[in-house]
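On a predicted model such as this, the values are computed, not experimentally measured, just so you know. Numbers restart at 1 for each chain; the letters A, B, ... are given by sequence-line order, proteins then strands.
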Amino acid sequence: MDIDSQFSTVLGRTSIFIGTRSSPNTPAMAQNIILHLDYDCFYASVFEVEQPALRSLPLAVQQKQIVVTCNYEARRRGLHKLQLIKDAKRICPDVVIVLGEDLTKFRNASKELYLLVRALVWGGRVEKLGFDELFLDVTEMIDYNVEMLNPNDLAHSFFHLDRQDPTEGFIYDASQFCGSTFPVTEVAPATPDLSSLGMRLLVASHLQGHIRSKLEHQIGFTATGGISTSKLLAKLVGSVHKPNGQTTLLPPYESTPEEDSNVLKFLDEHEIRKIPGIGSRMAQKLRTHLTGKEDSDEKVTVRDVRLFPGMGPASLEKILGGPGSAKGIGSKMWNVLHGVDTSEILEGRDLPTQISIEDSYGRLDTLEAVRRELVVLSRSLIRRMRTDLVDETSRWRAHPRTLRLSTRPRPPPGSETGRTYQSNRISRSVPLPGFVFHLEEHVDALAERLVQESVLSMFRRLHPDKSWNLSLLNLAVTNLVESAGEQQSRDIGKMFQQQVEAEVDVSDEWDDEPLASLDCVLCGYPIPLFAIEAHQMYHAQ
DNA sequence: ACGATATAG
DNA sequence: TGTTCTATATCGT
């Protein structure tokens, strides 16, 4: 017998845990409760909040030649995302068009919404996905509030948003769900089981309703919500009632020999491409495997894949594996097809891992034009580095170490388009020179120097030929190293390493030699130990 | 670290 | 289909 008992202190109570880790004796860990929030037509909403008169008009946000998004009034009149501007004007001549190529205000609005929601969620367990989506792990809030329920008067319940202040919260009716459910609402049980998953999801649906109503009435953004036990299910079920709605995926979550769970019933009807994590590439591989045809546009659902003869983790690994795909993809996707997703909510970082600026062009085939555009991009990039990486006391919170230039060559006329989709971007990178961190210099001067001394050399490596035509330029800084003193004391194990870094990384004068590493005798660049072999190959060519 | 691929909104 | 302007994760080297 390998029974293992231990004491753990949670919320000021001491409880005894008896059982073994990863043995059949271990009681199943209570499932997490996850909310998904998706702001409705986010870019359009930012303009509507700025200018409320736009709310009643058909509104489209333009980037280059296309409508990137539009409000629901515009959709009622036949407009949709990613439509050509000229088509939009023809279909709806009185559409109001606003320019959305500068993302600054979307980024700012997104951050404001994120901070507002994060302030509500215990432990700050909020993950941002793009500008307009959030995942919330509200397990602790829900379990606390389920415990606080009075089973004799569920209709007059109070949701506690603060453990310390019992007046902080809102009243709600815990005898029914807030918003919609999948499947559509059955009759509520007369004596609900307060410890059930269903009750926890019901309480979570009211928290979701509260958050959405706060977002709408305090700052004017409507959002669509999903309530379930994982990021996968919360996101998928949320999209059932759009816009400005919410949906809870009801139990049972476990199938029986007699009947599929609601998870399977819900997932099975979805086209595979709709499943988060299955992009166009994997969807095509699965369609090809099931239909036997290279270019098949037949609808293939989760059920079709799940029940296909021979299907399983091993088969999926063979179908989906290959260059570029993650290892273990087969079992991961087999889990996904059964609604099993154990991925954690990743709390928002303090710092981005990269900053990039890009623009696209109808024609870009002279070096002078390219140089001009690279200076424009460099200016934006340095400004963004300053707004995102410099703190209130004018100190760099982090130093990017790498500068990368990407281009997208225009496909030669007459080449096949639909065949095999490829990303068609190519890139080169160099160490980011230290002078870009000089805050006293003008952005324009720094941008000129950066293009002259770093960017053009990458461009020549990308396009040594005389003839080219580019449809896109992208400039990025990556490989950010936090400044000493910026990082919190996280755990004891990291303290030593921080101290070593602090000695090497002279905290205020970074300057032209970014890192103390092994400097290459040929080119002078600092090379990390594991990359020395690759770097020698570079010189050997 | 580099350069590419895949996925996401 | 890709059109836009990003961002993250992961692969082989």
When the distance from [atom1] of [X] to [atom2] of [N] is rounded to whole Å, what number comes out?
X	N	atom1	atom2	result
Met458(A)	dG3(B)	CE	P	10 Å
Arg281(A)	dA4(B)	CZ	P	15 Å
Asp40(A)	dG9(B)	CG	C1'	14 Å
Phe42(A)	dT6(C)	CZ	C1'	14 Å
Ile66(A)	dT3(C)	CD1	C1'	4 Å

Nearest to side-chain heavy atoms of [X], which nucleotide of [options]:
X	options	result
Met282(A)	dT4(C), dA7(C), dT7(B)	dT7(B)
Thr353(A)	dA4(B), dT8(C), dC5(C)	dT8(C)
Glu133(A)	dG9(B), dT6(C), dT4(C)	dG9(B)
Thr402(A)	dG9(B), dC2(B), dA4(B)	dC2(B)
Ser360(A)	dG9(B), dC5(C), dT6(C)	dC5(C)
Ser427(A)	dA8(B), dA4(B), dC5(C)	dA4(B)
Leu346(A)	dG3(B), dA7(C), dA9(C)	dA9(C)
Lys235(A)	dG9(B), dA4(B), dT6(C)	dG9(B)
Val68(A)	dT4(C), dG3(B), dT6(C)	dT4(C)

State whether the side chain of [X] and the backbone N or O of [Y] hold a donor-acceptor pair below 3.5 Å, judged by distance alone.
X	Y	result
Asp465(A)	Ser467(A)	no
Ser110(A)	Phe106(A)	no
Ser315(A)	Gly312(A)	no

Using a 4.0 Å heavy-atom cut-off across all strands, classify [X] as base, sugar-phosphate, or nothing.
X	answer
Ser406(A)	nothing
Asp38(A)	nothing
Ile275(A)	sugar-phosphate

Heavy-atom side-chain contact between Leu405(A) and Leu374(A) under 4.5 Å = yes

Side chains of His270(A) and Thr301(A): donor-acceptor distance under 3.5 Å anywhere?
-> no

Between Leu472(A) and Gln354(A), name the one whose nearest nucleotide on DNA chain C is closer to the 5' end.
-> Leu472(A)

Aromatic rings His463(A) and Trp468(A): how do their planes relate, parallel, tilted or perpendicular, breaks at 30° and 60°?
-> tilted

Parallel under 30°, tilted from 30 to 60°, perpendicular over 60°: which one fits the rings of Phe135(A) and His36(A)?
-> tilted

Give me the one residue out of Val240(A), Ile227(A), Leu236(A) that meets side-chain contact (heavy atoms from CB on, under 4.5 Å) with Thr247(A).
-> Val240(A)

Go through residues 86-103 of chain A and report each residue with a non-hydrogen atom lying under 4.0 Å from DNA chain C, sorted by number.
-> Glu101(A), Leu103(A)

For dA6(B) and dT1(C), measure between their P atoms and round to the nearest Å.
-> 15 Å

